[in-house]
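These values consider heavy atoms only, across backbone and side chains, with no hydrogens, waters or symmetry-generated copies.
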Amino acid sequence: MADTIDLYSDRGAKLKAGVDLGAISPLRNKAIKKIIHDTKRTAAVDLAGIEKALAAGRFGGKGRQVPKKAMNFDVVKNADKIVAKVADLIKVDAGDDTNVKSLNGGKQMLVQVPSARIEAGAEYVSSLTCASMGTIQAMIDTFDLNMFNVPEVKAAIMGQYPQTMDLAGGNVKSILEIPQKDEGLGHSLRNIMANHLAAVTKKNAMNTAALAGIYEQAGVFEMGNALGMFERNQLLGLAYQNLNADNIVYGTTKANGATGTIGTVVHSIVERGIEDGVIAPDKKMGSGYQMYKANDVSMWNAYCAAGTLAANLVNCGAGRSPQHTSSTLLYFNDIIEKETGLPGCGWGKVQGTAVGFSFFSHSIYGGGGPGVFNGNHVVTRHSRGFAIPCVAASVSLDAGVQMFTPEMTSGLVGETFGSVDEFREPIKAVAGAV
């Protein structure tokens, strides 16, 4: 592609200059491809959770307790044996890319099934199924289980499955939902809870936005919505909103961080757009109102996307609360449309998403909070990748005011997936792969 960008870190340091826009495509960038591939082949096993469930006789989640079936096994103390057994069970060939390791003193286990298992399947569930079944077999071998107690151990690991489609009440997790929960074709990578994303990046807001944007835009590519001229539009959005291209997000946030508002961020983005030649003055109305024209429509959308994220970082950062994110998504774009006479981010889709999002997240309808939402939701999916990164970044700035915090919903996912560098620091990883 003809466009070139400079990539900056989450602290405003230049990482790579003169990068061809196509080099950050999910179809080309090796780091993004690795993130997507490893997402599909990675599962998290809560060994401490298994031990606790068995000791209490709790099998399959809330309300499912059989005290007389309680069992005491030192699962955490035997984590190394379980890890070695699971690795041996799931590997295909000696020396393949199987990766199984214990974390936090044996409390959790990261399981990455070999690529051969993902490539040989039609879905991406081998990580869940093989991690689950491998852990069951490892428990059988480690603790010499028999036909009379294996069912309870299986229930402690896999929860209510197969009575439920997912592993409800179990202790094996993927960052992805099961395919049956996707709202349409290509939505799997968009069906990731904002809390999960914040937990994985250790609540680094810009890296959270980057990881969310990578998943969202990879999903848009998979959905077939990034063909022809739309490919450049989506890649520019990914670059400027999520990968801090030309340092717009960081620079704008820093300039407005101390005393700024949504309105001052609008001013910053409009001024930057004029300075860079992305937009220019057009017709002036009799009232004195100045209209603008876009010299590059997709680039203006990218600037609006970057501004939308910056406005969320400023506003939600000031409140240390993600509850402001829906109104920020709405009014940044509403104000910038009135300021320029040009459409906001996503040509109204982000603004429209925000209206429904505020109703579902914390108005008279809902109480779940922004952190439990994803890009697969009936409200949020209409923005093609530009809303959820702002939500996830806002969740990273939360001081704990949500009903369901990342610590409550995503501790296991955060500890395991966050141990992988590319997941935890995607901005650095993507820049290093161009």
query: Does Tyr331 OH have over 12 foreign heavy atoms under 6.0 Å away?
result: no
What pair of heavy atoms forms the shortest contact from [X] to [Y], and how long is it?
X      : Y      : answer
Ile90  : Cys130 : CG2-O, 3.9 Å
Phe386 : Ala305 : CD2-CB, 4.1 Å
Thr98  : Val92  : OG1-N, 4.5 Å

Once you round to the nearest 0.5 Å, how far does [atom1] of [X] lie from [atom2] of [Y]?
X      : Y      : atom1 : atom2 : result
Leu197 : Asn207 : CG    : CG    : 11.5 Å
Asn333 : Lys338 : CG    : NZ    : 11.0 Å
Met408 : Gln402 : CE    : CD    : 9.5 Å
Leu329 : Thr380 : CG    : OG1   : 10.5 Å
Asn301 : Leu236 : CG    : CG    : 8.5 Å
Ile279 : Glu271 : CD1   : CD    : 10.0 Å

Heavy-atom distance under 4.5 Å between the side chains of [X] and [Y], does that happen here?
X      : Y      : value
Leu189 : Ile214 : no
Arg41  : Arg117 : no
Val75  : Ile82  : yes
Ile35  : Leu211 : yes
Glu422 : Phe417 : no
Leu167 : Leu128 : yes
Ser419 : Leu110 : yes
Asn225 : Gln234 : no

- line: Applying salt bridge (Lys or Arg N to Asp or Glu O under 4.0 Å) to Asp10 and not counting sequence neighbours gives none
Can you see whether [X] engages [Y] through a side-chain donor-acceptor pair at a distance of less than 3.5 angstrom?
X      : Y      : answer
Tyr124 : Ser174 : no
Asn78  : Thr142 : no
Ser396 : Thr208 : yes
Asn247 : Asn244 : yes
His324 : Ser394 : no
Asp97  : Ser115 : yes
Ser410 : His196 : yes

- prompt: Is a side-chain donor or acceptor of Asp246 paired with a backbone partner of Ile248 at a separation under 3.5 angstrom?
  reply: no
statement: Across all chains, not counting sequence neighbours, the ring pair (Phe, Tyr, Trp, His ring centres under 6.0 Å) partners of Tyr303 are Tyr240
message: Show, in sequence, the C-alpha distance, side-chain angles and deciding distance for Ile274 and Tyr292, and conclude whether the side-chain contact (heavy atoms from CB on, under 4.5 Å) test is met.
response: CA-CA 9 Å; Ile274 295 170; Tyr292 288 83; 3.5 Å; yes
field: Stepwise side-chain contact (heavy atoms from CB on, under 4.5 Å) check, Ile192 with Leu176
entry: CA-CA 6 Å; Ile192 300 174; Leu176 296 169; 3.9 Å; yes
field: Partner set under side-chain contact (heavy atoms from CB on, under 4.5 Å) for Lys30, not counting sequence neighbours
entry: Ala433
field: Residues forming a side-chain contact (heavy atoms from CB on, under 4.5 Å) with Ala239, sequence neighbours excluded
entry: Ile5, Leu21, Ile24, Ala245
statement: In short, salt bridge (charged side-chain N to carboxylate O under 4.0 Å, His left out) pairs touching residues 407-419 with sequence neighbours left out are Lys203-Glu407
side-chain hydrogen bond (donor to acceptor under 3.5 Å, both in side chains) against Arg190, all qualifying residues, sequence neighbours excluded: Glu216
query: Between Thr252 and Val314, is a side-chain contact (heavy atoms from CB on, under 4.5 Å) present by the stated rule, with each step listed?
result: CA-CA 9 Å; Thr252 303; Val314 169; over 6 Å; no
task: Using a strict cut-off of less than 4.0 Å between a Lys/Arg side-chain nitrogen and an Asp/Glu carboxylate oxygen, indicate whether Arg232 and Asp296 qualify as a salt bridge.
output: yes
- prompt: Relative to each other, are the rings of Phe357 and Phe373 parallel, tilted or perpendicular (30° and 60° limits)?
  reply: perpendicular
